[in-house]
Amino acid sequence: KLHFYLQLTFVALHLNTDSPDWNDQGEHINETVWEQIDNSIMWTGARKVLLIVPICLFVLTMNFVGYDSSWQSLANIAMVTLAIVPKMPEMHGVRLCTLRRHYE
């Protein structure tokens with residue numbers, strides 16, 4: 001379940017660009033959903049919740065598998081890393097792989 005949640009939120013927050021608001025006249029056409037939350041202000045309540053939930057799920061999952069060095073633990077570490085790193089302020093506006101072209 002952790003993997004499903006992390007994959008879903010990664011796609012929903014970090015790969016989707018454009019704005020759901022039709023009246024913004026293309027202001028946010030190249031921004032991801034994560035970059036649009038709270039007008040790009042970091043460490044707001046909504047962003048903290050979206051950052052803390054994957055960490056809590058990771059701790060619960062690791063507790064369930066017993067913190068052993070199996071492939072499950074390594075997969076969980078990789079998935080939570082992919083969920084947390086794009087949310088860091090240093091990654092704001094950084095595109096490591098673009099699936100859509102950027103509009104000018």
Side-chain angles (χ1 to χ4, degrees):
K1 292 184 182 184
L2 173 69
H3 295 261
F4 176 73
Y5 171 79
L6 295 177
Q7 290 170 358
L8 181 71
T9 57
F10 182 79
V11 170
L13 294 176
H14 303 293
L15 291 182
N16 288 333
T17 58
D18 210 352
S19 175
D21 183 15
W22 291 94
N23 298 320
D24 71 354
Q25 300 296 319
E27 290 178 32
H28 304 290
I29 200 165
N30 288 325
E31 291 182 355
T32 63
V33 174
W34 176 258
E35 293 166 348
Q36 294 176 36
I37 294 175
D38 295 333
N39 293 324
S40 299
I41 299 171
M42 288 303 296
W43 310 121
T44 60
R47 286 180 180 245
K48 285 179 186 178
V49 167
L50 290 170
L51 187 64
I52 290 172
V53 168
I55 294 171
C56 291
L57 287 174
F58 171 72
V59 170
L60 289 172
T61 304
M62 290 300 286
N63 224 352
F64 179 72
V65 296
Y67 294 99
D68 60 356
S69 59
S70 69
W71 66 270
Q72 292 173 335
S73 298
L74 295 174
N76 288 334
I77 291 169
M79 291 300 292
V80 82
T81 301
L82 286 175
I84 299 300
V85 170
K87 291 177 173 68
M88 294 292 108
E90 293 81 12
M91 297 300 289
H92 183 77
V94 175
R95 304 289 184 266
L96 296 179
C97 70
T98 53
L99 299 177
R100 293 181 50 184
R101 68 174 196 180
H102 289 283
Y103 298 98
E104 305 257 339

(Q) With rounding to the nearest 0.5 angstrom, report the CD1 to NZ distance, I37 to K87. (A) 8.5 Å

Q. Between Y5 and I52, is there a shared hydrophobic cluster once you connect ILVMFWY residues whose side-chain heavy atoms come closer than 4.5 Å?
A. no

Q: Nearest 0.5 Å please: distance from the CD1 atom of I84 over to the CD1 atom of I55.
A: 4.0 Å

Q.
Would a single hydrophobic cluster contain both L13 and I41, if residues Ile, Leu, Val, Met, Phe, Trp and Tyr are joined by side-chain heavy-atom contacts under 4.5 Å?
A. no

Q. Roughly how far, to the nearest 0.5 Å, is OG1 of T32 from NE2 of H92?
A. 8.0 Å

Q.
Quick check: is V85 connected to V94 through a chain of hydrophobic side chains (ILVMFWY, heavy atoms under 4.5 Å apart)?
A. yes

Q.
Looking at every non-hydrogen atom in both residues, tell me the closest pair between P54 and L6 and how far apart they are.
A. CB-CD2, 3.6 Å

Q) Can you tell me how far the CE atom of M79 sits from the CG atom of L57, to the nearest 0.5 Å? A) 11.5 Å

Q.
Within the supplied structure, the quantity of interest is the number of heavy atoms (other residues, nucleotides, ligands) at a distance under 6.0 Å from N39 CG; does it exceed 12?
A. no

Q | Shared hydrophobic cluster, M42 / M88 (ILVMFWY, side-chain heavy atoms < 4.5 Å) | A | yes

Q: Find out if a path of hydrophobic residues (ILVMFWY) with successive side-chain heavy-atom gaps under 4.5 Å connects I77 to L51.
A: yes

Q: Go through the structure and list residues passing ring-ring contact (aromatic ring centres under 6.0 Å, His included) with F58, not counting sequence neighbours.
A: none

Q.
For a quick test of reading the model, state the closest non-hydrogen atom pair linking V65 to S73 and the distance between them.
A. CG2-OG, 3.8 Å

**Q.** From W34 atom CH2 to T9 atom OG1, the distance as rounded to the nearest 0.5 Å
**A.** 10.0 Å

Q) Can you check whether Q72's main-chain N or O pairs, donor with acceptor, with N76's side chain at less than 3.5 Å? A) yes

